Amino acid sequence: MSTVKLQALNEADVMPEPIAQFERWLAEAKATSLAEPTAMALATVGANGRPSLRMVLFKGLHNGGFCFYTNYGSRKGGELTAHPYAALTFWWDILERQVRIEGRVERVPKALSDRYFHSRPRGSQIGAYTSRQSEPLPDRAALDQRLAETERQFAGAEVPLPEWWGGFRVVPETMEFWQGRPNRVHDRLLYRQTDSAWTIERLQP
Ligand SMILES: Cc1cc2nc3c(=O)[nH]c(=O)nc-3n(C[C@H](O)[C@H](O)[C@H](O)COP(=O)(O)O)c2cc1C
């Protein structure tokens, strides 16, 4: 594992816009040996007001929002459609850095989902087309059989973008940058969107 010198997080050094600050930190995370620097936890709210949480992969920014791709009919897809707010957390352990994002959720344009879907390996396209994500399945063999059926259905042809699959973007209202510091006296800077600009506030660790 590479050793990284931890830096202080100071108001004077951060970017005035949190997305620019995020891009700087993500580039630094990608430069380490971290296996999945784009992995983020996604929290949604169910109809009962209870949270649910799972990992997804960050796939870029679109119209100021953090994009990920999934099955719109999955548990998360249903929860986001009914309650379009989410929280995201990145954790880059080597750097002792955490980024928290909260905001409103929107679907990305179909053309963007289509482009991303067809940039994936064919096996992933077949998998996404076949899986009714989050629904129960009798056993693994049933899934393998359905995958083989999808392979046959699209033999020699392009797999179309499933209408139940695509991207969401989380448009941040707040973003917090957390830098680990000695003795657990960490640095926390919270960006909050006001009418025209972002404010930056330091929080106690
Ligand atoms: C590192 C990692 C990355 C993942 N990325 C995605 C992703 O980008 N999209 C996705 O739908 N599921 C992804 N998953 C699977 C989800 O965590 C989850 O199991 C799945 O989306 C079903 O969640 P749901 O039932 O809450 O909708 C990933 C899992 C891990 C561990």
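Note that this is a predicted model, so its numbers are computed, not measured. Whatever order the structure lists them in is the order used to number ligands and atoms, beginning at 1. Worth knowing before you read on, the calculation uses all heavy atoms, side chains too, and leaves out hydrogens, waters and symmetry mates.
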Does either side chain, that of R181 or that of H186, offer a donor lying less than 3.5 Å from an acceptor on the other one? no
Top protein contact for atom 11 (O) of ligand 1, by heavy-atom distance: T70 OG1, 2.7 Å
Heavy atoms only: which of M55, E36, E135 lies closest to atom 13 (C) of ligand 1? M55
With a heavy-atom distance limit of 4.0 Å, tell me whether F68 approaches ligand 1 through its side chain, its backbone, both, or neither. neither
R75: numbered ligand 1 atoms lying under 4.0 Å from its heavy atoms: 24 (P), 25 (O), 26 (O), 27 (O)
Under-4.0 Å heavy-atom contact with ligand 1, by part of Q133 that carries it: side chain
Which protein heavy atom lies closest to atom 22 (C) of ligand 1, and at what distance to 0.1 Å? K76 NZ, 3.5 Å
What do you reckon, does L57 have a nitrogen or oxygen under 3.5 Å from a nitrogen or oxygen of ligand 1? yes
State whether a side-chain donor-acceptor pair under 3.5 Å links R122 with S124. no
Atom 25 (O) of ligand 1 - nearest protein heavy atom and its distance: S134 OG, 2.6 Å
Is the centre of the F177 ring less than 6.0 Å from the centre of the F90 ring? no
Between the side chains of K76 and T70, does any donor sit under 3.5 Å from an acceptor? yes
Flag N71 as yes when one of its N or O atoms lies below 3.5 Å from any N or O atom of ligand 1, and as no otherwise. no
Flag for T130-T150: side-chain donor and acceptor within less than 3.5 Å: yes
For a quick check under 3.5 Å, do T44 and R54 share a side-chain donor-acceptor pair by atom type? yes
Examine G77 against ligand 1 and note whether any of their N/O atoms are separated by less than 3.5 Å. no
If hydrogens are left out, which of Y72, F58, W165, Y69 has an atom nearest to atom 9 (N) of ligand 1, that is, the closest non-hydrogen atom? Y69
Would you kindly check if the NZ (Lys) or CZ (Arg) of R97 is within the cone defined by 45 degrees around the ring axis of W91 and under 6.0 Å from the six-membered ring centre? no
Best match, K59, R54, E79, M40: closest heavy atom to atom 18 (C) of ligand 1: R54
Q179 side chain to L95 backbone, donor-acceptor under 3.5 Å: yes
So which heavy atom in the protein is nearest atom 6 (C) of ligand 1, and how far is it from that ligand atom? V56 CA, 3.5 Å
May I ask you to decide if V45's main-chain N or O and H83's side chain share a donor-acceptor pair within less than 3.5 Å? no
